Amino acid sequence: MEHCLTHHKLPPLPSPISTLKPRSAVNFSPKYQALTRRLTVVVGAGASSHCEFSSLNSPLDPSTRSGKDLSSVLQNHPQLFHLAVAQELKQLADERHDARCRMNLSAQSHEACLHRRIAQLKEQQCQIAVEDVMYLLIFYKFSEVKVPLVPKLSKCIYNDRLEILPAKDWELESIYSLEVLEMIREHVTTVIGLRANSSVTDNWAMTKITRQTLGRVYVASILYGYFLKSVSLRHRLERSLFLESQDLHLSCRTSLQEMSPHGIKSLIFGHIGKIQSECVGSNRLEKTHGKLKCYVMGFDPETLQRCAKLRYEESVNLIKNHCCALFGDDAEMGSPQTDEVISTSFSSLKRLVLEAVAFGSFLWDTEECIDSVYKLKEN
């Protein structure tokens with residue numbers, strides 16, 4: 001599948017949204033646990049005359065017990081979703097830890113090989129389950145802004161024409177700050193050629209694109225959203241530290257001057273120096289800690305690569321699985337005969353790109369939430 005991560009190159013350039021905070025683990029009663037086991041996962045109905053969105057009509061269906069149980073909770077008891085996630089993560093972390101402990105305790109026994117294999121299998125099972133949990137947390141983040149994930153493209157394509165309605169541009173753009181949104185709009189222009197101030201006629205104009213190319217654009221946009229989340233947090237932190245250091249420096253200098261026998265004279269004649277120092281500091285702040293775009297353009301290649309790299313293996317697998325489910329099977333996509341040319345509007349392309357960017361941003365938040373409870377595997 002050419003649009004998977006191994007074939008992707010980030011655009012030349014590479015939000016403040018509310019991060020998912022881990023909730024404390026809660027032990028549900030046996031009655032509630034039995035209830036969540038009985039709840040069924042409702043997915044979208046089959047293809048109809050247009051691209052449909054329904055409750056959990058996501059491209060990727062959970063494959064583990066943990067994922068299916070949380071899907072049921074999300075649909076039937078959304079107010080309990082975060083509590084159920086916290087409990088599930090704690091249970092997965094405990095199961096993995098117990099398997100590792102048994103492996104270490106039996107290291108010198110004749111059962112060492114068996115327990116090592118059990119620990120490896122448990123690690124794999126827990127990793128797949130955590131990927132399901134991550135996916136559902138991302139799904140929940142989309143539901144908070146009232147944006148359903150685009151279902152499998154096969155449900156949205158009729159007579160080789162792709163149409164995705166409603167557009168949801170405003171909702172997908174509302175989660176970012178103005179400077180992040182500016183960079184996202186430039187990204188949209190770069191990858192699909194649609195300007196930010198395009199007319200309605202331009203938005204609904206038709207164009208042609210292959211399914212493989214569309215998949216590559218989608219993956220690139222996920223990684224771009226992930227990158228923007230990373231650098232925006234880094235930018236905010238560095239700017240905050242710089243301003244605090246400036247305040248501390250000025251405060252210490254004033255205290256020393258007041259303690260000096262020539263403190264008044266120093267303060268009078270030092271006023272010009274203070275103004276010059278503030279100007280220099282302001283220029284430095286504007287150059288290195290001003291607009292996010294300028295900050296990113298000042299990155300060296302090593303820093304750029306570090307910020308763009310996915311931090312955990314679970315995230316790599318999640319993006320690959322989501323994109324394969326959305327655009328088609330890996331083997332099917334690799335065949336020239338099945339890589340059809342799709343007619344679609346620029347509006348539909350923009351919808352997919354904005355969703356992908358938000359997916360990357362939400363993925364970063366989800367990593368932070370999960371890694372605080374269940375230690376993810378570094379990429």
Side-chain angles (χ1 to χ4, degrees), residues 15-45 52-98 122 125-151 168 171-172 174-175 229 312 314-315 317-318 321-322 325 355 358-376:
S15 95
I17 56 178
S18 59
T19 57
L20 284 171
K21 296 182 179 179
R23 308 297 180 92
S24 57
V26 174
N27 294 322
F28 295 123
S29 65
K31 179 180 179 181
Y32 174 77
Q33 293 179 355
L35 171 65
T36 59
R37 296 294 187 274
R38 292 197 300 270
L39 294 175
T40 57
V41 181
V42 178
V43 297
E52 288 187 346
F53 297 94
S54 58
S55 297
L56 289 181
N57 192 22
S58 58
L60 187 62
D61 295 325
S63 60
T64 63
R65 177 198 57 79
S66 299
K68 291 175 181 178
D69 290 347
L70 289 176
S71 295
S72 299
V73 175
L74 179 57
Q75 182 168 340
N76 296 279
H77 304 281
Q79 72 279 8
L80 300 176
F81 178 67
H82 281 295
L83 298 178
V85 166
Q87 183 192 33
E88 201 66 51
L89 289 174
K90 180 67 166 55
Q91 181 177 342
L92 291 170
D94 290 344
E95 289 177 1
R96 183 177 64 173
H97 176 73
D98 292 345
K122 178 57 67 175
Q125 292 171 0
C126 289
Q127 181 170 334
I128 296 172
V130 164
E131 289 168 14
D132 276 353
V133 176
M134 292 174 70
Y135 192 72
L136 289 168
L137 281 169
I138 292 172
F139 185 96
Y140 182 84
K141 292 291 288 182
F142 274 101
S143 71
E144 284 187 315
V145 293
K146 303 191 183 328
V147 176
L149 283 170
V150 174
K168 295 289 185 179
E171 290 86 348
L172 287 167
S174 67
I175 61 178
K229 183 67 177 182
Y312 303 109
E314 289 84 353
S315 298
N317 296 335
L318 181 59
N321 294 335
H322 171 68
E355 173 185 288
F359 192 101
S361 182
F362 292 156
L363 178 60
W364 175 280
D365 293 332
T366 300
E367 288 177 344
E368 293 292 298
C369 170
I370 289 182
D371 193 55
S372 63
V373 181
Y374 178 99
K375 194 66 180 175
L376 298 171

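Predicted model, so just to flag it, every value in this text is computed and none were measured.
Scanning for side-chain hydrogen bond (donor to acceptor under 3.5 Å, both in side chains) contacts around Asn321 gives an empty result, with sequence neighbours left out. Evaluation of the side-chain hydrogen bond (donor to acceptor under 3.5 Å, both in side chains) rule for Glu95 yields Gln91 as partners, not counting sequence neighbours. Every residue two or more places apart in sequence or in another chain that forms a side-chain hydrogen bond (donor to acceptor under 3.5 Å, both in side chains) with Asp94 is listed here: Lys90.
Here the side chain of Asp132 pairs a donor or acceptor atom with the backbone of Ser63 at under 3.5 angstrom. In this structure, the side chain of Ser361 does not engage the main chain of Ala358 through any donor-acceptor pair within 3.5 Å. Looking only at distances, a side-chain donor or acceptor of Glu355 sits under 3.5 Å from a matching main-chain atom of Val150. No donor-acceptor distance shorter than 3.5 angstrom exists from the side chain of Arg96 to the backbone of Tyr374, with no hydrogens or angles considered.
Using a 4.5 Å cut-off on side-chain heavy atoms (C-beta onward), Pro148 and Lys168 make contact. With contacts defined as side-chain heavy-atom distances shorter than 4.5 Å, the pair Met134/Val130 qualifies. The side-chain heavy atoms of Leu137 and Leu70, taken from C-beta on, include no pair separated by under 4.5 Å. In this structure the side chain of Thr64 never reaches within 4.5 angstrom of the side chain of Glu131, judged on heavy atoms. Using a 4.5 Å heavy-atom threshold, the side chains of Leu172 and Phe142 count as touching.
For the atom pair CG (Leu89) and NZ (Lys375), the distance works out to 13.5 Å, reported to the nearest 0.5 Å. Residue Leu376 holds its CG atom at 10.0 Å from OG1 of Thr366, rounded to the nearest 0.5 Å. Note: Leu318 CG to Glu367 CD = 9.5 Å, rounded to the nearest 0.5 Å. Atom CG of residue Leu92 and atom NE2 of residue His97 lie 14.5 Å apart, to the nearest 0.5 angstrom. A distance of 5.5 Å separates CZ of Arg65 from CG of Asp69, quoted to the nearest 0.5 Å. To the nearest 0.5 Å, atoms SG (Cys369) and NE2 (His82) are separated by 7.5 Å.
Between Tyr135 and His322, the ring-plane angle classifies as tilted under the 30° and 60° cut-offs.
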What's the verdict on side chain to side chain contact (heavy atoms under 4.5 Å, CB included) for Asn317 and Gln127, showing C-alpha distance, side-chain angles and the deciding distance? CA-CA 10 Å; Asn317 296 335; Gln127 181 170 334; 3.1 Å; yes
Worked check of salt bridge (charged side-chain N to carboxylate O under 4.0 Å, His left out) between Glu368 and Lys229: CA-CA 12 Å; Glu368 293 292 298; Lys229 183 67 177 182; over 6 Å; no
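Contact record, Pro62 with Gly67: CB-C, 3.5 Å, taken as the closest heavy-atom pair. Leu136 and Phe81 get closest at one heavy-atom pair: O-CZ, 3.8 Å.
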